[in-house]
Amino acid sequence: MLASTRRCYVFGGKGGVGKTSMAASLAVKFANHGEPTAIVSTEPSPSLGDLFEQDMGVGGKTVRITGFDSLFAVEAGQFKIKGEPEDLGSFINNLLGKMGLGTHSDIMSMIREMLDGMPPGLEEALVLSKVIKSIDVQEADILRRLVLDAPSTGHTLKLLSASDWIEMFLTLSIKGIKVASSMPSFNMYLEDVQFISARLEELRQQVRRVREILFDPQSTEFIVVTIPTMMAVTESSRFHESLKKDGAHTRRLVINQVLPPSASDCRFCAAKRREEARAFRAILEDRELGGLKLIQAPLLDMEVKGVPALRFLSDSVWK
């Protein structure tokens with residue numbers, strides 16, 4: 001992985017399997033080898049600050065992690081660019097008001113219908129587009145690696161599917177503004193129309209940039225994280241199948257919380273070890289997961305919290 005030219009690694013999987021810890025441990029590994037790296041969480045309630053025991057600030061700022069020269073973190077769920085709306089619906093409604101089209105019931109009805117049909121994952125895609133834009137602008141000459149802690153399985157898949165819809169919607173919106181500008185009731189100057197069209201086009205390009213990055217196998221790899229239970233393995237299999245259908249490139253499966261070897265087991269540990277063995281057999285026999293490179297992360301006897309613990313986990317997992 002260190003020798004690879006791939007820039008972006010996206011961690012996804014069922015909630016509660018340790019995606020954030022695994023993503024952070026890889027980011028630490030890259031940084032320990034002198035690779036300027038940013039870890040980005042798109043979780044609505046991100047925990048990078050708690051994990052690194054460091055204040056992430058507000059507004060989704062890029063923060064340098066204490067103890068590293070080349071490790072940065074962004075809690076994208078808190079990301080907000082000054083002057084930009086909270087969501088696409090607010091953005092479109094604001095534009096309609098400025099154009100004097102808010103009183104046209106037929107136009108408003110059509111817009112509402114389209115906004116109601118927006119797929120889940122839209123907000124995550126827009127947030128991610130802003131983050132990538134910010135990183136590209138601010139850190140283009142600095143960052144070598146980008147590690148993305150994606151939301152739980154369902155939200156990640158929705159994020160991937162939403163990007164196509166957003167681009168289509170924005171393309172139609174740009175055309176709609178041009179058509180509306182010829183209406184007698186249109187209430188904007190030419191320079192305002194040009195400004196709004198430019199803003200929509202900029203947003204469309206941001207979303208396209210997200211899709212280009214996420215689905216380019218030369219620059220991005222998805223890493224599935226699971227735990228050795230049958231329920232988690234089954235969901236991971238479905239997740240990988242969906243990633244393949246969407247065109248996402250996946251090579252590795254991280255199995256987290258694996259019991260360490262022991263000369264003797266208590267009754268509870270023996271039962272857990274049997275459950276693990278069953279889960280590993282299911283992985284190896286699964287048509288979706290069996291072909292992935294398996295990486296085992298041990299169940300630790302301490303809470304993974306703080307830089308020393310993350311360094312230890314990093315060395316344990318990414319050998």
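These numbers come from a predicted model, not from an experiment.
Counting only distance, with no hydrogens or angles, the side chain of Glu75 and the backbone of Val40 share no donor-acceptor pair below 3.5 Å. The closest donor-acceptor contact from the side chain of Glu276 to the backbone of Ile227 lies at 3.5 Å or more, if one exists at all. Using modelled atom types, no side-chain atom of Lys19 and backbone atom of Gly12 make a donor-acceptor pair closer than 3.5 Å. Checked by atom type and distance alone, the side chain of Gln296 never pairs as donor or acceptor with a backbone atom of Val254 at under 3.5 Å. In terms of modelled atom types and a separation under 3.5 Å, the side chain of Ser314 and the main chain of Leu310 share no donor-acceptor contact. Judged by distance alone, the side chain of Asp246 and the main-chain N or O of Ala248 form no donor-acceptor pair under 3.5 Å.
Between Met1 and Ile223, the closest side-chain pair of non-hydrogen atoms falls below 4.5 Å. Looking at Arg251 and Lys293, their side chains never come closer than 4.5 Å, going by heavy atoms from C-beta outward. Within the 4.5 Å cutoff, side-chain heavy atoms of Leu294 are placed close to those of Ile283. Inter-residue side-chain proximity for Thr229 and Val233 is flagged as unmet; no heavy-atom pair is nearer than 4.5 Å. In this structure the side chain of Ile295 never reaches within 4.5 angstrom of the side chain of Leu253, judged on heavy atoms. Between Phe268 and Lys272 there is a side-chain heavy-atom pair separated by less than 4.5 Å. Residues Val28 and Val307 form no side-chain contact, since every pair of their non-hydrogen atoms from C-beta on lies 4.5 Å or further apart. With a 4.5 Å cut-off on side-chain heavy atoms, Phe280 and Val258 count as touching.
For Phe312, the CZ atom sits in a loose shell: 12 or fewer heavy atoms of surrounding residues, nucleotides or ligands are nearer than 6.0 Å. No more than 12 heavy atoms of other residues, nucleotides or ligands sit less than 6.0 Å from atom NZ of Lys245. Within 6.0 Å of CE on Met230 lie more than 12 heavy atoms contributed by other residues, nucleotides or ligands.
Between atom CG of residue Leu148 and atom OG of residue Ser41 there is a gap of 8.0 Å, rounded to the nearest 0.5 Å. Rounding to the nearest 0.5 Å gives a distance of 8.5 Å between OG of Ser25 and CG of Asn256. For the atom pair OG1 (Thr226) and CG (Leu289), the distance works out to 7.5 Å, reported to the nearest 0.5 Å. Atoms CD and OG, from Glu303 and Ser21 in turn, are 9.0 Å apart once rounded to the nearest 0.5 Å. To the nearest 0.5 Å, atom CZ of residue Arg7 and atom CG of residue Asp216 are 12.0 Å apart. Here the CG-CG distance, from Leu26 to Asp149, works out to 12.0 Å after rounding to the nearest 0.5 Å.
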*Starting from the C-alpha separation in whole Å, work towards a yes-or-no answer on side chain to side chain contact (heavy atoms under 4.5 Å, CB included) for Leu71 and Arg64.*
CA-CA 6 Å; Leu71 181 58; Arg64 184 190 296 271; over 6 Å; no

*Can Thr250 and Glu221 be said to form a side chain to side chain contact (heavy atoms under 4.5 Å, CB included), step by step?*
CA-CA 6 Å; Thr250 310; Glu221 176 186 334; 6.0 Å; no

*Report the C-alpha separation of Glu35 and Leu2 in whole Å, then their side-chain angles, then the decisive distance to 0.1 Å, and conclude whether the side chain to side chain contact (heavy atoms under 4.5 Å, CB included) test is met.*
CA-CA 8 Å; Glu35 299 267 343; Leu2 285 167; 4.1 Å; yes

*Could you walk me through whether Val224 and Leu243 pass side chain to side chain contact (heavy atoms under 4.5 Å, CB included), step by step?*
CA-CA 10 Å; Val224 179; Leu243 286 175; 4.1 Å; yes

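Remark: Arg252 fails to qualify as a cation-pi partner of Phe11 under the 6.0 Å distance and 45° angle criteria applied to the six-membered ring. Relative to the six-membered ring of Phe30, Arg145 meets both conditions, a distance below 6.0 Å and an angle of at most 45° to the axis.
Using a 4.0 Å cut-off between charged nitrogen and carboxylate oxygen, Arg238 and Glu288 do not count as a salt-bridge pair. Between Arg273 and Asp265 a salt bridge is recorded (basic side-chain N to carboxylate O distance below 4.0 Å). Salt bridge status for Lys29 with Asp315: present, with a side-chain N to carboxylate O gap under 4.0 Å.
Residues Leu284 and Leu292 are members of one and the same hydrophobic cluster, defined by side-chain heavy-atom contacts under 4.5 angstrom among Ile, Leu, Val, Met, Phe, Trp and Tyr.
Across all their heavy atoms, Ile65 and Gln54 have their closest contact at CA-OE1, 3.4 Å. Residues Thr37 and Leu143 come closest through the heavy atom pair C-CD2, 3.8 Å. Shortest non-hydrogen contact noted between Pro260 and Leu299 is CD-O, 4.0 Å. Minimum interatomic distance between Gly13 and Phe239 (heavy atoms only, all atoms of both residues): N-CE2, 3.6 Å. Listed here is the closest heavy atom pair of Ser70 and Ala31: OG-O, 3.8 Å. The two atoms that bring Val225 and Val17 nearest to each other are O-CG2, 3.5 Å, heavy atoms only.
Aromatic rings from Phe222 and Tyr9 are positioned such that their centres are separated by 6.0 Å or more.
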